[in-house]
S.K.: 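For reference, the structure I am asking about is given below.
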Amino acid sequence: MKTDELIKQNEVLKSELELERAERIRLENELISQKSNNFSFKKAGNIGKFGYWELDLNTMLITASDTAKNIYGTYSNVIPIDEVRMQALPEFKSLLQNTLSDLIKNNIPYNIEYKIQRLDGVIVDIHTIAELDKEQNLVFGTVQDITEKKKLEELLKISNAKYQTLFDTFPLGISISDKNGNILETNRRAEELLGLPAEVHNQRNIHSSDWKIIKPDGTAFQNEDFPSVKALIEDRLIQNVEMGIVRNDDSIVWLNVSAKPLKVGDYGVVVAYSDITKEKNEHFQLISSEEKYRTIIDNSKIGVFQVHKTGKVIYANKAMLDILEFANLKEFQDRETPLQYKNPEQREFLIEEVWEKGKVENYEITMYTKFGREVVVILNFVLINDLIHGTMLDISDRIVAEQALKKSEFDLEFAQQLAKLGNWTWELKSNKVKWSKGMFQVYDIDPETYDGNPAALLEIIHPDDKDAFLNSMNSNLSGKYSPSLEYRVIHRDGSVHTIYAEGYTDYDENGNPAIMMGTSQDITERKLTENALRESELRFRNIFNNAPIGIYRTNRKGDILMANPKLIEILGFDSFEDLQKRDIEYEGYEDTSSRKIFIEEIERNGFINNFEVIWKKKDGTNIYVNEHARCFYDENGNVLYYEGTVKDITARKIAEENLKKSNEELKNLNITKDKFFSIIAHDLKNPISNYKQVAELIYDSYHDLEEEELMNILLLMKNSASNLFALLENLLVWARSQSGKIKCSSSESNLYILLDNIVQLLQPSAHNKNLKLHNKVKLSAFAKMDVNLINTVIRNLISNSIKYTPEGGEISIASMKVGEFIHIAISDNGIGIEPSRIDNLFKIDENISTPGTKNEKGTGLGLILCKEFVEMHGGKIWVESELGKGTTFWFSLPN
């Protein structure tokens with residue numbers, strides 16, 4: 001039975017894998033526990049085909065045993081860690097990096113499997129475990145070539161798939177139990193026949209009393225007479241036992257049952273069921289009454305119906321109604337056209353056949369159910385008198401299974417063609433080889449001319465590879481298993497192709513080779529690709545190491561997985577290992593939020609371009625960089641790593657800052673120029689014009705003026721001249737400051753004396769408005785200052801207070817020490833300043849002078865000069881004011 005063979009094959013493969021796995025675990029434990037005993041360590045490694053190695057964390061060199069060296073395919077027992085990393089296939093490089101990093105940083109031992117490509121180009125599956133010896137600063141580990149184990153696992157997977165496909169699509173019902181009678185597996189057909197879902201069926205035991213089974217005579221089957229029970233107990237094949245299964249809906253399915261012991265692993269017995277309900281029903285029709293006949297028909301899985309030649313439905317059993325999805329017979333009879341054909345032409349054909357021949361046999365057709373669902377059925381008609389008697393068998397599931405099987409076979413053949421893969425079987429006794437279609441493509445042999453003789457293959461094998469090919473075949477035939485072989489063949493067009501072949505030998509009961517089987521694959525393109533990849537890797541490494549810009553790879557956490565020499569140089573590190581110790585997220589950026597912005601943008605778009613950010617070098621200094629990077633994902637959409645390039649743009653950014661500063665200075669110069677012209681055009685013109693008009697008035701009316709009028713005009717001229725002089729003085733001082741001709745020469749000076757002189761000078765102006773000036777600065781107050789410049793500052797500020805304080809007001813000057821500075825305050829109880837104007841008081845492009853309480857004029861230059869002169873001393877100037885209550889100007893000087 002095919003099922004028995006597949007089960008045995010699976011069990012053999014599973015046993016091999018379990019033995020290999022158990023031996024590997026035993027040897028791993030032995031190697032780890034005996035790592036201090038060098039002799040035992042080497043002996044265990046040789047027996048188990050294990051290699052051992054040590055990584056010196058001081059030199060980052062791996063010292064490998066001979067077995068480990070052979071597994072890695074290197075030429076030396078001492079290997080740089082980077083060489084081992086480079087061997088790993090790209091998809092495993094980050095795994096190696098992360099596990100080794102976790103071991104070294106966090107003392108987390110690892111136990112991993114991955115693929116490497118050795119120097120000879122062979123790809124090998126390896127298994128390695130490692131742990132850290134902190135005292136010796138060593139990493140200790142083992143390595144094993146598990147390529148063959150992986151192949152065994154793949155064979156087991158294929159065998160399981162074949163077994164499951166056959167088991168699920170087998171036309172007979174099959175169930176398998178263990179040695180104790182517990183049911184382990186049930187296929188779909190068995191579920192249908194027994195009327196039990198798999199989850200219920202597989203919880204039963206073949207000895208169970210839950211089964212409702214009857215004999216053909218209607219009496220109950222005793223448990224000990226069940227074919228499965230007898231086969232298990234008597235250890236023999238039980239065949240062709242007829243029995244009726246009474247299902248939960250009380251319907252009976254008649255089965256022909258055979259059971260056979262299965263002595264593989266824990267399996268006990270295989271039971272096969274074939275449906276003989278139809279045959280039994282036909283038998284019962286002959287021996288039963290009309291009532292029994294109707295009962296059987298009603299419970300049959302085959303649809304049964306009677307239709308009058310006029311088209312009126314006389315009868316339809318439950319199966320028929322279920323197939324066409326009608327609730328009851330009346331609903332079916334009331335339908336105008338109860339049988340709806342997908343192809344109307346087939347309906348006409350059936351009518352012609354039944355009228356001409358009196359019957360239609362096994363006609364496969366697609367019909368629509370009441371709800372429009374398609375079902376594929378087999379129809380049988382017979383015309384008796386005026387009635388058409390018919391049966392309908394729903395084969396939709398069978399059609400689906402057949403289509404799935406055909407698709408599976410097509411997919412397998414198509415996959416082999418795409419992979420340039422073929423499979424073969426060599427029957428040694430007859431010396432005949434059977435090839436799949438893919439084999440003819442692999443070897444470029446015409447299937448029409450191939451006679452199945454294996455000698456034909458030798459004719460196309462490359463002369464240099466024939467001996468290796470024959471040695472491999474002989475090794476298989478002699479029981480020395482040769483797992484795989486690469487050799488070259490010559491196609492009919494003269495082109496040389498590389499073949500990768502695997503095979504194994506099966507033996508007869510006498511231990512003689514009986515059959516060889518295996519696969520052959522044209523790997524020419526893969527070999528070319530591998531060579532191209534190797535060359536590409538060398539080119540990449542050359543570009544990587546010599547690129548004039550930094551190149552990196554990091555994971556999402558910020559661990560540095562890869563960095564080229566230029567990046568190491570840009571960041572001021574001595575080596576890649578030195579750079580790897582950096583935590584990018586918390587140490588790499590001048591502003592730690594930049595890393596968050598980088599991750600959000602690159603994971604939203606998959607890339608990031610021209611990302612300008614400030615990085616920190618090893619010595620803590622800042623550099624500007626421009627980044628381009630991409631995000632790489634695994635097959636589940638999870639982030640694997642970021643790769644990018646970095647260019648140091650610090651010089652450019654400094655140039656841009658200088659340019660910006662120059663533009664700002666130019667803007668201020670333009671503003672200064674505009675203000676200067678404004679003053680000349682307006683502020684200076686008006687006073688001179690007024691002065692001119694007054695002089696002309698005196699000249700023209702001198703003899704007509706009274707002495708008092710003349711005195712008033714002269715007073716007006718005097719005040720106008722004073723204002724004009726003050727304006728010119730401020731203008732000249734301001735012009736000198738803008739041209740850089742005013743220098744600040746600070747010295748320790750007495751602040752009280754300076755203020756006292758200024759108060760005495762401005763006392764007449766205050767007296768004219770009946771204002772009181774109070775010098776509250778202490779005699780002992782000193783400040784570091786240029787006396788001339790600060791004289792100008794204080795004089796301007798007090799003059800402003802006089803201008804904006806109404807008659808009878810008070811102005812006071814005070815000072816206080818604040819740290820290394822002395823703060824000077826000029827306070828008045830004048831009209832105050834509107835809040836909206838305070839921020840613009842010291843801006844030359846915004847400041848507009850306002851008239852004083854007696855309409856005194858100003859240029860707006862006074863406060864600008866105050867700010868410039870105070871800042872020359874390294875101090876600051878600011879104002880506090882409340883409208884209607886007064887103003888205080890503050891400025892600070894070094895103490």
Side-chain angles (χ1 to χ4, degrees), residues 49 67 69-75 86-90 114-126 144-155 158 415-426 433 435-445 450 454-505 516-538:
K49 296 181 179 179
T67 307
K69 181 190 78 171
N70 293 335
I71 291 173
Y72 287 121
T74 60
Y75 301 116
M86 290 298 293
Q87 283 188 312
L89 296 190
Y114 59 97
K115 289 179 182 289
I116 65 171
Q117 183 175 16
R118 304 191 316 195
L119 295 178
D120 58 5
V122 176
I123 294 177
V124 179
D125 289 278
I126 66 172
Q144 181 191 13
D145 184 343
I146 59 170
T147 307
E148 293 307 315
K149 185 196 80 167
K150 289 292 186 180
K151 290 177 181 176
L152 277 176
E153 290 175 344
E154 188 62 28
L155 286 173
I158 294 171
Q416 286 193 355
Q417 289 179 355
L418 288 179
K420 295 185 178 180
L421 176 72
N423 58 282
W424 52 270
T425 304
W426 181 11
V433 175
W435 282 5
S436 70
K437 289 183 180 180
M439 289 289 289
F440 295 101
Q441 177 189 4
V442 170
Y443 291 106
D444 190 27
I445 291 178
Y450 183 60
L457 184 58
L458 286 173
E459 296 177 4
I460 66 170
I461 293 179
H462 195 283
D464 294 343
D465 295 344
K466 283 187 178 180
D467 289 343
F469 178 80
L470 291 172
N471 290 337
S472 177
M473 299 297 289
N474 290 332
S475 294
N476 276 298
L477 291 172
S478 62
K480 298 176 182 178
Y481 180 59
S482 180
S484 63
L485 178 68
E486 282 188 17
Y487 56 92
R488 292 165 293 169
V489 297
I490 302 174
H491 280 193
R492 286 177 286 181
D493 62 2
S495 60
V496 177
H497 291 249
T498 303
I499 307 300
Y500 175 79
E502 291 187 350
Y504 68 92
T505 305
M516 287 185 68
M517 58 189 70
T519 60
S520 296
Q521 185 177 16
D522 186 339
I523 61 169
T524 306
E525 292 181 3
R526 192 189 80 189
K527 296 293 285 186
L528 292 174
T529 301
E530 289 172 356
N531 292 334
L533 181 63
R534 194 175 295 111
E535 292 178 6
S536 176
E537 180 68 22
L538 290 174

S.K.: Measure the CD1-CD distance between I523 and E525 for me, rounded to the nearest 0.5 Å.
M.R.: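 The distance works out to 11.5 Å.
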S.K.: Salt bridge check, K151 against E154: does any charged N sit closer than 4.0 Å to a carboxylate O?
M.R.: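 Salt bridge flag = no for K151 with E154.
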S.K.: Residues two or more places apart in sequence or in another chain: which of them pass ring-ring contact (aromatic ring centres under 6.0 Å, His included) with W424?
M.R.: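 ring-ring contact (aromatic ring centres under 6.0 Å, His included) check on W424 returns nothing, list empty.
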S.K.: Taking all heavy atoms of D464 and all of R488, pick out the closest pair and write down the distance.
M.R.: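 The answer is CB-NH2, 3.6 Å.
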S.K.: Please report the closest heavy-atom contact between T524 and T498, naming both atoms and the distance.
M.R.: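 That closest heavy-atom pairing would be OG1-N, 2.8 Å.
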S.K.: What heavy-atom pair brings H491 and Q441 nearest, and what distance separates the two atoms?
M.R.: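 Here H491 and Q441 meet closest at CE1-O, 4.2 Å.
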S.K.: Side chain of R492, backbone of D444: donor and acceptor closer than 3.5 Å?
M.R.: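 Checking the backbone N and O of D444 against the side chain of R492, a donor-acceptor pair under 3.5 Å is found.
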S.K.: What are the two closest non-hydrogen atoms of I116 and I71, and how far apart are they?
M.R.: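 Result for this residue pair: CD1-O, 4.0 Å.
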S.K.: Mind checking what makes ring-ring contact (aromatic ring centres under 6.0 Å, His included) contact with H462, not counting sequence neighbours?
M.R.: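 With neighbours one apart ignored, the set is empty.
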S.K.: To the nearest 0.5 Å, tell me how far N471 CG sits from L485 CG.
M.R.: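 Taking CG in N471 and CG in L485, the distance rounds to 9.5 Å.
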S.K.: Provide the closest heavy-atom pair for V124 versus R118 in the form atom of the first, atom of the second, distance.
M.R.: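 Shortest heavy-atom separation between V124 and R118 comes out as CG2-CD, 3.7 Å.
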S.K.: Side chain of T519, backbone of G422: donor and acceptor closer than 3.5 Å?
M.R.: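 No; judged by distance alone, with no hydrogens or angles, the pair does not exist.
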S.K.: What distance do K527 atom NZ and E486 atom CD have between them, rounded to the nearest 0.5 Å?
M.R.: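 The distance works out to 4.0 Å.
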S.K.: Is any side-chain heavy atom of L470 closer than 4.5 Å to a side-chain heavy atom of L458?
M.R.: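 L470 vs L458: side chains touch.
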S.K.: Quick one: are M517 and N423 in side-chain contact, heavy atoms under 4.5 Å?
M.R.: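 In short, these two side chains do not touch, never coming nearer than 4.5 Å.
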S.K.: Look up atom CE in M439 and atom CD1 in I499, then write down how far apart they are to the nearest 0.5 Å.
M.R.: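 Going from the CE atom of M439 to the CD1 atom of I499 covers 8.5 Å.
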S.K.: Indicate the ring-plane relationship of Y487 and Y443, choosing parallel, tilted or perpendicular according to the 30° and 60° boundaries.
M.R.: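 The arrangement is parallel - the two ring planes meet at less than 30°.
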S.K.: Indicate yes or no for a side-chain donor-acceptor contact from T147 to the backbone of D125 under 3.5 Å, with no hydrogens or angles considered.
M.R.: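 Judged by distance alone, yes, a pair lies under 3.5 Å.
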S.K.: Working to the nearest 0.5 angstrom, can you tell me the gap between E148 CD and I146 CD1?
M.R.: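 Answer rounded to 0.5 Å: 11.0 Å.
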S.K.: State the CG-CG distance between N70 and D145, to the nearest 0.5 angstrom.
M.R.: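 Interatomic distance, N70 CG to D145 CG, rounded to 0.5 Å: 10.5 Å.
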S.K.: Who pairs with Y114 by ring-ring contact (aromatic ring centres under 6.0 Å, His included), at least two apart in sequence or on another chain?
M.R.: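 Partners of Y114 by the ring-ring contact (aromatic ring centres under 6.0 Å, His included) criterion come out as none, since no residue qualifies.
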